[in-house]
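Take a look at the structure below.
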Amino acid sequence: MDEHTKFKQRAKAIYQMLLGIFGLFAVAAFTILFLMLNPDLLKKSGPQVEEMEYTTVPKEDDFDKIENGIHVRTGLVDAEGLMTVVNNCTNCHSAKLVTQNRMNEERWITTIRWMQETQNLWDLGPNEKIIVNYLVSNYPPEKKGRRENLKDIEWYDLN
Ligand code: HEC
């Protein structure tokens, strides 16, 4: 082998090496570009599945659903002031404590004052009127009046 052939072979080897390095760079650059255009490909498939599950259930819609005039989440009657009551009266205890009680205005206010003095209930401000109105309108004292007169009774004939 003469010097000239040796030189040609070495030049060819260097050329091939450079071509290889350039090729690797090209592939890397291409991949980076591709990922920049499609960032979703970097995310794992796990969270994507979860996201799909969430989108099939419209959460917000169901959260404050009203069914047959009842606020499903709390069991409170759907009426003026409902959300004010939900937002102020269901934080510490279940709304059952509210719906189970039937009181007149004075006793509702007394209950609120008692919670404010002993249970850290906050000052309700202008909402107090809305809440008390709601409570008195929807959870007034049960009428304990006389039962209705009996009708169509067969009386015994007492001789
Ligand atoms: C800061 C917490 C808190 C908030 C907010 C709150 N309460 Fe209470 N409430 C309590 C505690 C504590 C009790 C006592 C629970 C028990 O006895 O187990 C109570 C008891 C009650 C009772 C039962 C009283 C009784 O005589 O047994 C009613 C009725 C009531 N709350 C209604 C309401 C209403 C209406 C609101 C909205 C204005 C409200 N609560 C908001 C803390 C709170």
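Reckoned from all heavy atoms, side chains included, excluding hydrogens, waters and symmetry mates. As the structure lists them, so they are numbered: ligands from 1, and atoms in each ligand from 1. Predicted, not measured: the structure shown is a model, and the values here were computed from it. Numbers for residues simply follow the sequence, beginning at 1.
- Residue pairs meeting the side-chain hydrogen bond (donor to acceptor under 3.5 Å, both in side chains) criterion with at least one partner in residues 86-101, sequence neighbours excluded, are N88-W122.
- Considering only non-hydrogen protein atoms, atom 14 (C) of ligand 1 sits nearest to W114 CH2, 3.7 Å.
- Each of the following atoms of ligand 1 lies closer than 4.0 Å to a heavy atom of N120: 1 (C).
- Within the 4.5 Å cutoff, side-chain heavy atoms of R102 are placed close to those of P140.
- Counting only heavy atoms, the protein never gets under 4.0 Å from atom 26 (O) of ligand 1.
- Proximity of V85 to ligand 1, defined as any heavy-atom pair under 4.0 Å, is not found for any part of the residue.
- Protein heavy atoms come within 4.0 Å of atom 9 (N) of ligand 1.
- If you number the atoms of ligand 1 from 1 as listed, the ones under 4.0 Å from a heavy atom of N88 come out as 5 (C), 37 (C), 41 (C).
- Within the protein, the number of N/O/S atoms found under 2.8 Å from atom 8 (Fe) of ligand 1 is 2.
- With hydrogens and angles ignored, the 3.5 Å screen pairs no side-chain donor or acceptor of Y134 with any backbone N or O of T84.
- There is no protein heavy atom less than 4.0 angstrom from atom 16 (C) of ligand 1.
- Using a 4.5 Å heavy-atom cutoff, the side chains of I66 and L82 are in contact.
- For atom 31 (N) of ligand 1, the protein comes within 4.0 Å by at least one heavy atom.
- Listed by first and then second residue, the salt bridge (charged side-chain N to carboxylate O under 4.0 Å, His left out) pairs involving residues 66-79 are D64-R73, K65-E67 (not counting sequence neighbours).
- For atom 37 (C) of ligand 1, a protein non-hydrogen atom is found at a distance below 4.0 Å.
- Looking only at side-chain heavy atoms (C-beta outward), Y139 and L76 come within less than 4.5 Å of each other.
- The atoms of ligand 1 that sit less than 4.0 Å from any heavy atom of W108 are 29 (C).
- Within the 4.5 Å cutoff, the side chain of N133 has no heavy atoms near those of the E80 side chain.
- Residue pairs meeting the salt bridge (charged side-chain N to carboxylate O under 4.0 Å, His left out) criterion with at least one member in residues 110-130, sequence neighbours excluded: R113-E128.
- Remark: E106 CD to T111 OG1 distance equals 10.5 Å, nearest 0.5 Å.
- Each of the atoms 35 (C) of ligand 1 lies under 4.0 Å from some heavy atom of L135.
- Side-chain atoms of W108 come within 3.5 Å of backbone atoms of M103 as a donor-acceptor pair (strictly under, hydrogens ignored).
- Taking the side chain as every heavy atom from C-beta outward, I109 and W114 never approach each other to under 4.5 Å.
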